[in-house]
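These notes are about the structure you will find just below.
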Amino acid sequence: MAEICDIEVVVFDVLGTLVDEPGGLRAEIRDAVPAPDDGAVDELLTLWQQHVELEQQRIGQGHRAYVNTEIIDGEAARRVADHAGLADPATIARLATAGQRLPPWGDSVAGVERLAQQFPVLGLSNAGRAALLRLNAHAGLRWHQALSSEAVLAYKPAPEVYQLAIDTAGCPPERVLMVAAHAWDLRGARARGMRTAYVRRPIGDPPTSSDVFDGRFNGLDELVTALTAR
C-alpha cells in the first residue's frame, strides 16, 4: 500500500471499478434467456462484451460516428437475443438496459462516501448520460459530480475524456487522481498528466511490469486509507 500526496480531486472509473459489470450483465442475461448451464450464459455474455468493445473501438478509430452506450447496449441485447432465439420484445427491451442495473462491489458505496468527506469526488464513465444516472442510482453511488464521456462524444481512452475530468476538477492534472481497475484506463489518464491508482478487482485489466502508476491497491479500503492518512 502506498501513500499518495498532494491530491485535490479524486476521479473514479465506474464500470468494473465500482460496479461488477460482467456479473451484473451475466445475471440479467440469465434472467432473460434461461440457459441450461453457465457455459451458455457465459457465451452470451462474451458475445455482448465483444460487441460493445468492438463498437467503441470503431468509434475511437473514426469508423463509426459516436453513439452512446444505450444504443450500443441495445445492439448487444439484440445480438444476444438473436443468438439465443429470444423473440419477446419486452424481454429484449429490458435486457437492453441491463447495464443500468449493475451491482456495486462490497466496498464501493462506503469507500466513495468516506473519500467524499475529504475530497471532491468525480465519476468518469463511458456510460451515456442517462444510463450513468440510472446506474448510479441503482448502485447507490453518491458523487459530487458524475461525468459521462458522452459530453465529449468519445470513449475512454480518448484523451478528451480525461481532459473533461481535469477541466471539471479545475486544478492541474498532477493534482487529480484517476482510480480504476483497468490498466488501459490509467495509461490514458497518465498520458494527460493525471496521477493514477490501480485498484484490484476480480475482473479488470491488471497492470504489467512496465506500468508506472502512483499506487496499487488490493481494494478500495486500502486506497481510502492511503489518501486519508494525513
Side-chain angles (χ1 to χ4, degrees), residues 12-33 35 40-103 123-136 138-139 146-165 178 180-189 191-192 201 203-205:
F12 278 98
D13 168 61
V14 181
L15 300 174
T17 300
L18 294 181
V19 298
D20 178 4
E21 184 177 21
L25 292 176
R26 183 181 289 107
E28 293 279 341
I29 292 170
R30 182 177 288 111
D31 286 345
V33 188
V41 174
D42 288 343
E43 181 182 350
L44 294 173
L45 173 63
T46 298
L47 185 68
W48 181 299
Q49 292 174 316
Q50 288 176 341
H51 178 78
V52 171
E53 181 178 359
L54 176 61
E55 293 309 303
Q56 290 186 0
Q57 286 179 350
R58 291 182 63 226
I59 290 168
Q61 295 164 354
H63 299 316
R64 180 179 182 179
Y66 177 85
V67 294
N68 64 26
T69 56
E70 291 173 85
I71 300 295
I72 295 177
D73 282 356
E75 295 169 351
R78 287 189 292 274
R79 287 177 63 88
V80 166
D82 290 344
H83 191 80
L86 177 65
D88 178 58
T91 302
I92 297 172
R94 177 171 174 78
L95 183 59
T97 62
Q100 302 173 25
R101 295 183 299 277
L102 305 175
L124 181 66
S125 180
N126 277 340
R129 286 191 188 97
L132 182 59
L133 175 68
R134 288 162 178 78
L135 170 62
N136 289 336
H138 179 84
L147 305 173
S148 167
S149 66
E150 186 176 357
V152 292
L153 304 180
Y155 286 103
K156 293 186 289 181
E160 54 265 40
V161 181
Y162 304 103
Q163 192 61 47
L164 171 66
M178 180 73 198
H182 316 290
W184 63 261
D185 200 354
L186 297 177
R187 293 179 197 121
R192 297 302 290 178
R201 294 304 195 192
I203 54 92
D205 172 35

Original post:
Do the side chain of Ser148 and the main chain of Ala127 share a donor and acceptor less than 3.5 angstrom apart?
Top reply: yes

Original post:
To the nearest 0.5 Å, how far apart are CH2 in Trp48 and CZ in Arg78?
Top reply: 10.0 Å

Subject >> Any donor-acceptor N/O pair, Asp185 side chain to Gly188 backbone, under 3.5 Å >> reply: no

Original post:
Any side-chain heavy atom of Asp205 within less than 4.5 Å of one from Arg187?
Top reply: yes

Original post:
To the nearest 0.5 Å, what is the distance between OG1 (Thr46) and CD (Glu53)?
Top reply: 11.0 Å

Original post:
Taking C-beta and beyond as the side chain, do His83 and Leu44 meet within less than 4.5 Å on heavy atoms?
Top reply: yes

Subject >> Ion pair Glu55/Arg58, N-O distance below 4.0 Å >> reply: yes

**OP:** State whether the side chain of His182 and the backbone N or O of Leu15 hold a donor-acceptor pair below 3.5 Å, judged by distance alone.
**Re:** yes

Original post:
Salt bridge or not for Asp31 and Arg94, using N-O below 4.0 Å?
Top reply: no

Subject >> Full working for side-chain contact (heavy atoms from CB on, under 4.5 Å) between Lys156 and Leu124 >> reply: CA-CA 9 Å; Lys156 293 186 289 181; Leu124 181 66; 4.3 Å; yes

Original post:
Does the pair Ile72 and Gln56 meet the rule for a side-chain contact (heavy atoms from CB on, under 4.5 Å), with working shown?
Top reply: CA-CA 8 Å; Ile72 295 177; Gln56 290 186 0; 4.1 Å; yes

Subject >> Partner of Leu102 under side-chain contact (heavy atoms from CB on, under 4.5 Å), chosen from Val14, Leu18, Leu25, Asp20 >> reply: Leu25

Subject >> Donor-acceptor pair between His138 and Gln100 side chains, under 3.5 angstrom >> reply: no

**OP:** Compare all side-chain heavy atoms of Leu86 with those of Ile92 and state whether any distance is below 4.5 angstrom.
**Re:** yes

Original post:
Is there a side-chain contact (heavy atoms from CB on, under 4.5 Å) between Glu150 and Tyr66 once you walk through the steps?
Top reply: CA-CA 9 Å; Glu150 186 176 357; Tyr66 177 85; 3.3 Å; yes

**OP:** To the nearest 0.5 angstrom, please state how far the OG1 atom of Thr17 sits from the CG atom of Leu186.
**Re:** 8.0 Å

Subject >> Distance, nearest 0.5 Å, that separates OG1 of Thr91 from CD of Glu28 >> reply: 11.5 Å

